Amino acid sequence: MLAAVPDDFRSGFVTLAGRPNAGKSTLANALVGSKVAITSAAPQTTRHRLRAILTTHEAQIILVDTPGLHKAKDALGEEVNRSTYKALEDTDLSVLLIDATRPLGKGDIWVFDLLKKAAGGTEPLVLFTKSDIATAEQLDQQRQSLAAFTTQQAQVISARTGQGTAEFVQSITVLLPRGPLWFPADIQTDQPFETLIAEFIREKVLRSTFDEVPHAIGLRIDEVDQNLQRDLTKIAATIFVERDSQKGIIIGKHGAGIKAIGSDARADLELLLGTRVFLDLRVKVKKNWRKDSTQIRRFGYGEGS
């Protein structure tokens with residue numbers, strides 16, 4: 001049974017879309033006030049279609065954080081694109097995020113047109129992100145470029161400093177339909193704990209590696225054993241890569257790399273789970289897993305997983 005809300009309460013699904021590294025996950029985390037989506041400098045960090053839930057006195061906004069749309073180069077890329085397309089099928093409002101520090105290009109226009117088509121001709125809202133590091137000249141150039149294909153004015157926002165976030169929440173609240181409280185008011189994501197655990201570990205691998213290694217990383221949770229009486233959660237996980245050289249990079253000299261990854265991940269996991277965490281990480285090679293749809297879904301990516 002859905003909780004009772006005022007007659008003028010609004011609720012709905014708001015899809016955050018854009019090119020890779022536009023700041024979708026960072027914004028979702030900032031708006032709900034908690035870390036529910038992983039972030040890193042590596043393109044295509046987000047592989048799951050995640051729902052971050054913001055509940056205010058006026059509305060419940062379900063933010064759908066999508067993988068960045070890009071030209072797929074393998075089966076994994078096709079799966080994450082498919083996940084984004086799926087998110088567009090059932091949404092009340094779409095928002096295009098454009099990195100204010102990168103020249104607005106054909107990729108942004110392509111995503112804009114895709115969102116507009118999916119919404120039956122209704123244009124998405126446009127956000128210029130990362131305003132805390134963008135110059136005035138960059139913002140002026142972005143506005144000029146935007147004016148070439150839409151008459152609407154973009155909102156300017158910084159998820160890191162909070163600039164423009166309250167205004168953005170208010171602007172989407174008034175556009176949502178009247179509706180119920182779809183989720184309990186005290187939850188911030190509908191992601192299963194095991195998925196969050198896997199993503200938090202993968203984030204630390206992404207941040208500690210470079211070049212092609214981040215894209216080759218898959219992660220499987222093998223065991224989660226939570227003992228509240230002992231204030232301890234035991235987690236066993238396997239990091240998969242495609243080549244022996246990538247395995248060596250992650251493990252590091254004398255195991256220093258994997259030890260650092262485990263230490264960093266443990267800190268986030270203890271905040272997530274509210275207990276001490278014992279984390280057992282292993283690294284295995286599974287050649288060309290990104291080209292194998294079956295393996296991709298075993299790692300939890302894609303609509304069929």
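Since this is a predicted model, take the numbers as computed values, not measurements.
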Ion pair Arg143/Asp140, N-O distance below 4.0 Å:
yes

Leu125 side chain near Leu175 side chain, heavy-atom distance below 4.5 Å
yes

I'd like to check Val241 versus Trp289 (side-chain heavy atoms, cut-off strictly below 4.5 Å). Are they in contact?
no

CD (Gln155) and OG1 (Thr165) are apart, to the nearest 0.5 Å, by 11.0 Å

How would you list all residue pairs meeting side chain to side chain donor-acceptor pair (under 3.5 Å) that involve residues 261-273, not counting sequence neighbours?
Lys35-Asp268, Lys204-Asp268

Taking the side chain as every heavy atom from C-beta outward, state whether Ile53 and Leu63 have any pair of such atoms under 4.5 Å apart.
no

Cut-off 3.5 Å, no hydrogens considered: what does the side-chain donor-acceptor table look like for residues 249-260, sequence neighbours left out?
none

Evaluate side chain to side chain contact (heavy atoms under 4.5 Å, CB included) for Gln142 paired with Ile98, printing each intermediate quantity in order.
CA-CA 9 Å; Gln142 295 291 61; Ile98 298 175; 3.7 Å; yes

Do Thr55 and Phe183 have side-chain heavy atoms sitting under 4.5 Å apart?
no

Answer yes if the side chains of Ser131 and Ser158 hold a donor-acceptor pair under 3.5 Å, and no otherwise.
no

Could you tell me which non-hydrogen atom of Arg19 sits nearest to which non-hydrogen atom of Lys24, and how far apart they are?
O-NZ, 3.1 Å

To the nearest 0.5 Å, how far apart are CD in Glu223 and OG1 in Thr238?
11.0 Å

Consider only side-chain heavy atoms of I, L, V, M, F, W and Y, link residues closer than 4.5 Å, and tell whether Val174 and Ile172 are in one cluster.
yes

Is the shortest distance from a Lys or Arg side-chain nitrogen in Asp99 or Lys130 to a carboxylate oxygen in the other one below 4.0 Å?
yes

Please assess Val285 against Arg243 for the test side chain to side chain contact (heavy atoms under 4.5 Å, CB included), listing each intermediate value before the final yes or no.
CA-CA 6 Å; Val285 176; Arg243 298 198 298 271; 5.6 Å; no

So do the side chains of Phe9 and His57 get within less than 4.5 Å of each other, counting heavy atoms only?
no

I'd like to know if Asp280 pairs up with Arg282 as an ion pair, taking the criterion as any Lys NZ or Arg NE/NH1/NH2 lying under 4.0 Å from an Asp or Glu carboxylate oxygen.
yes

Of all heavy-atom pairs linking Gln188 and Ser34, the shortest is OE1-CB, 3.0 Å

In Å, rounded to the nearest 0.5 Å, how long is the span from CZ of Phe128 to CG of Leu146?
4.5 Å

Less than 4.5 Å apart, side chain to side chain, heavy atoms only: is that true for Leu97 and Ile157?
no

Trp182 and Ile62, any side-chain heavy atoms less than 4.5 Å apart
yes

Arg51 with Asp190: basic N within carboxylate O range, under 4.0 Å:
yes

Side-chain donor-acceptor pairs of residues 272-279 under 3.5 Å, sequence neighbours excluded:
unit_1 : atom_1 : unit_2 : atom_2 : d
Thr275 : OG1    : Thr233 : OG1    : 2.7
Arg276 : NE     : Asp231 : O      : 3.3
Arg276 : NH2    : Arg230 : O      : 2.8

Drop me the distance from Leu96's CG to Leu16's CG, to the nearest 0.5 angstrom.
10.5 Å

Nearest heavy-atom approach of Lys247 to Val283 is CE-O, 3.3 Å

Verdict with supporting geometry, Val224 and Glu194, side chain to side chain contact (heavy atoms under 4.5 Å, CB included):
CA-CA 8 Å; Val224 178; Glu194 283 201 7; 4.2 Å; yes

Heavy-atom closest pair (Ala22 atom, Thr129 atom, distance to 0.1 Å) is O-OG1, 2.7 Å

Is it true that Lys106 and Asp108 have a side-chain N and a carboxylate O under 4.0 angstrom from each other?
no

Smallest heavy-atom separation, Ala100 atom then Ala134 atom, equals CB-CB, 3.7 Å

Rounded at 0.5 Å granularity, tell me how far CD in Glu199 sits from CG in Leu206.
8.5 Å

How far apart are the C-alpha atoms of Thr173 and Ile61, what are their side-chain angles, what is the distance that settles it, and do they pass the side chain to side chain contact (heavy atoms under 4.5 Å, CB included) test?
CA-CA 7 Å; Thr173 295; Ile61 303 169; 3.6 Å; yes

Heavy atoms, side chains only, cut-off 4.5 Å: are Asp65 and Ser25 in contact?
yes

Nearest 0.5 Å, please: how far is CD in Glu58 from OG in Ser11?
13.0 Å

